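Presented below is the structure to which this report refers.
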Amino acid sequence: MANFAKPGGPRFSVDVYQNEYLPEGGREVNAIVTVTAKGGGAPAGPGAPAAVVLMVDCSGSMDHPPTKMRNARDATAAAVDTLRDGTHFGIVDGTHVAREVYPGGGRLAVADPTTRAQAKQALRRLRAGGGTAIGTWLRLADRLLAGADVSIRHGILLTDGRNEHESAAELKDTLDACAGRFTCDARGVGTDWEVKEVTGVASALLGTADIVADPARLTEDFTRIMESTMGKEVADVALRVWTPVGTRIKFMKQVAPTVEELTDRRTEAGPRAGDYPTGSWGDESRDYHLCVEVPAAGLGQEMLAARVSLVAAQPDREVQNLGAQGLVRAVWTDDMAASTSLNSQVAHYTGQAELAQAIREGLDLRKAGDMDGATAKLGRAVQLAGVSGNADTAKLLAKVVDVVDAPTGTVRLKAKVAEADEMTLETRSTKTVRVKK
């Protein structure tokens, strides 16, 4: 097991859970890869050099009601107070354009008692007015973060409205340009924003997304986000997957703590190897589902289907091996009991991924007016949530449907659903529960 970057940093480990046995002619190998980082610095500890830009929506809608803008200022001030001394930081005012609030001049400040006080004074001058163009906020954050000589670069984005002053294509171009340059947590406050826009930002930039339906809870949420950011120790960690000749990776996805598709984010890393980005890490553990298609082989034969290792690579810097790896195997057998047994971890997370998809499809069908289709999909979601023990998701579903019989997925759509409840279910649909090892 190798240490990375500096003494006291986290140590990484990789564990593989699978049923390696295949029937004669079998070609698909599934494995859950658990990556754990332990021993990293706590938020109050020295931590890794970091830079954070807070992007605050100041569009006109933030003044309805006026308490929303005040809550946003208070939450941002609390986040500033949570910054570790020495952290580079800046604040951006986001409308249909992006403007530096603090410190200005195209640079970042360095956190200490004086700069924190100055930043909070600058926040008092924030006023609501104008439109919304999220891409401009992200591009300014990118420029500011790029100037900091740090390993951890992070953004926190708050919006209360739809991205009406730029096209979806423009936002996508911005996300493509920023991907891999910094991570970003995104929050929607109230209920007038678009879930797919906020979750799309977080997904592309390997951060978290959530709804804060009550603006009064912003301070609590922003403080929690900043504490997590201050606990990050290693940036730009990637899962490097090597496969032998004749194999093909069918998919790679994160399955805990949230479902996140990584297959199309692969970058080549030498002969038969590719890297899948996972973002920044502190003291934590995550699970990934790897599916590999192998060449058919005879009974009794076995092969290494994939080797998974961890690397850290920032732009223009040498790739560092984090010293942990796991092996995915394939063994062909005529023992039907062995070859047809589904590994409990694989089964659990396959169900969790289906749960997330069923919720998204069900809500989309409901919005489109297909009530029968929505009932079927959300009923299946209720069934899957019950089987997997995902109690939090089951509670959210119960605010959208009346559950007649959870084990069979029999439900009725509620005639009236609070907009906040529907948006919360959609935003948190990818959150999973971990299977007990």
Side-chain angles (χ1 to χ4, degrees), residues 47-59 62 69 72-73 75-77 79-159 163 165-166 170-187 201 204-207 222 225-226 229-230 232 235-236 280 314-317:
V52 183
V53 172
L54 297 111
M55 293 160 273
V56 184
D57 189 337
C58 292
S59 60
M62 285 292 287
M69 191 72 241
R73 287 193 294 264
T76 307
V80 168
D81 277 336
T82 311
L83 288 164
R84 184 175 58 238
D85 278 353
T87 300
H88 298 249
F89 77 101
I91 301 170
V92 168
D93 168 338
T95 58
H96 53 283
V97 294
R99 182 178 66 88
E100 295 176 57
V101 175
Y102 182 82
R107 61 187 178 87
L108 297 177
V110 177
D112 62 27
T114 299
T115 57
R116 288 193 198 91
Q118 291 172 346
K120 288 185 286 185
Q121 185 68 32
L123 282 169
R124 294 179 186 144
R125 299 193 294 270
L126 287 183
R127 296 292 182 271
T132 305
I134 292 173
T136 65
W137 316 351
L138 293 167
R139 286 189 183 272
L140 177 54
D142 183 34
R143 290 195 297 273
L144 294 171
L145 291 166
D149 185 18
V150 296
S151 56
I152 305 292
R153 293 181 176 85
H154 194 79
I156 299 174
L157 184 149
L158 172 70
T159 185
N163 198 42
H165 285 77
E166 67 182 351
E170 288 173 319
L171 178 57
K172 183 181 185 304
D173 287 345
T174 294
L175 292 174
D176 289 344
C178 293
R181 295 176 58 81
F182 66 97
T183 54
C184 184
D185 293 316
R187 294 295 184 268
V201 169
L205 303 183
L206 298 173
F222 267 39
I225 293 174
M226 193 62 80
T229 302
M230 292 297 94
K232 300 298 183 184
D236 304 300
S280 302
Q314 292 183 298
D316 305 321
R317 298 190 185 183

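Fair warning: this is a prediction, and the values are worked out from it, not measured in the lab.
Here the CZ-CG distance, from Arg187 to Leu158, works out to 9.5 Å after rounding to the nearest 0.5 Å. Atom CG of Leu140 and atom CD of Glu100 lie 5.5 Å apart (nearest 0.5 Å). Rounded to the nearest 0.5 Å, atoms OG1 (Thr76) and CG (Asp81) are 11.5 Å apart. Rounding to the nearest 0.5 Å places CZ of Arg153 at 12.0 Å from CG of Leu144. Considering CG of Leu54 and CG of Asp93, their distance stands at 12.5 Å, rounded to 0.5 Å. Put simply, NE2 on His96 and OG1 on Thr136 are 9.0 Å apart, with the number rounded to the nearest 0.5 Å.
Residues satisfying the side chain to side chain donor-acceptor pair (under 3.5 Å) criterion with Thr159, sequence neighbours excluded, are Asp57.
Here the closest non-hydrogen pair linking Thr95 and Gly129 is CG2-O, 3.3 Å. Across all their heavy atoms, Gly131 and Ser59 have their closest contact at O-CB, 3.2 Å. For Ala119 against Phe89, the heavy-atom pair with the smallest separation is CB-CE1, 3.6 Å. For the pair Leu175 and Ala204, the tightest heavy-atom approach, listed with the atom from each and the gap, is CB-CB, 3.9 Å. The two residues Leu123 and Arg73 make their nearest non-hydrogen contact at O-CD, 2.9 Å. Minimum heavy-atom separation, Arg124 to Arg127: O-NH1, 2.8 Å.
Side-chain atoms of Asn163 come within 3.5 Å of backbone atoms of Ile134 as a donor-acceptor pair (strictly under, hydrogens ignored). A donor-acceptor pair under 3.5 Å links the side-chain atoms of Glu166 to the main chain of Gly135, judged by distance alone. The main-chain N or O of Ala98 is never found under 3.5 Å from a side-chain atom of Arg139 such that the two would form a donor-acceptor pair.
Counted by atom type alone, His154 and Asp185 present one or more donor-acceptor pairs between their side chains at under 3.5 Å.
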**Prompt:** Please walk me through it: do Met226 and Ile156 pass side-chain contact (heavy atoms from CB on, under 4.5 Å)?
**Reply:** CA-CA 9 Å; Met226 193 62 80; Ile156 299 174; 3.8 Å; yes

**Item:** Intermediate values then yes/no, side-chain contact (heavy atoms from CB on, under 4.5 Å), Cys58 and Arg99
**Value:** CA-CA 10 Å; Cys58 292; Arg99 182 178 66 88; over 6 Å; no

**Request:** Check step by step if side-chain contact (heavy atoms from CB on, under 4.5 Å) holds for Val56 and Met69.
**Result:** CA-CA 9 Å; Val56 184; Met69 191 72 241; 4.2 Å; yes

**Item:** Trp137 and Val53: CA distance, side-chain angles, deciding distance, side-chain contact (heavy atoms from CB on, under 4.5 Å) verdict
**Value:** CA-CA 10 Å; Trp137 316 351; Val53 172; over 6 Å; no

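Taking the side chain as every heavy atom from C-beta outward, Gln118 and Asp112 never approach each other to under 4.5 Å. Annotation: side chain of Thr115 is in contact with side chain of Tyr102 (closest heavy-atom distance under 4.5 Å). In this structure the side chain of Cys178 reaches within 4.5 angstrom of the side chain of Leu205, judged on heavy atoms.
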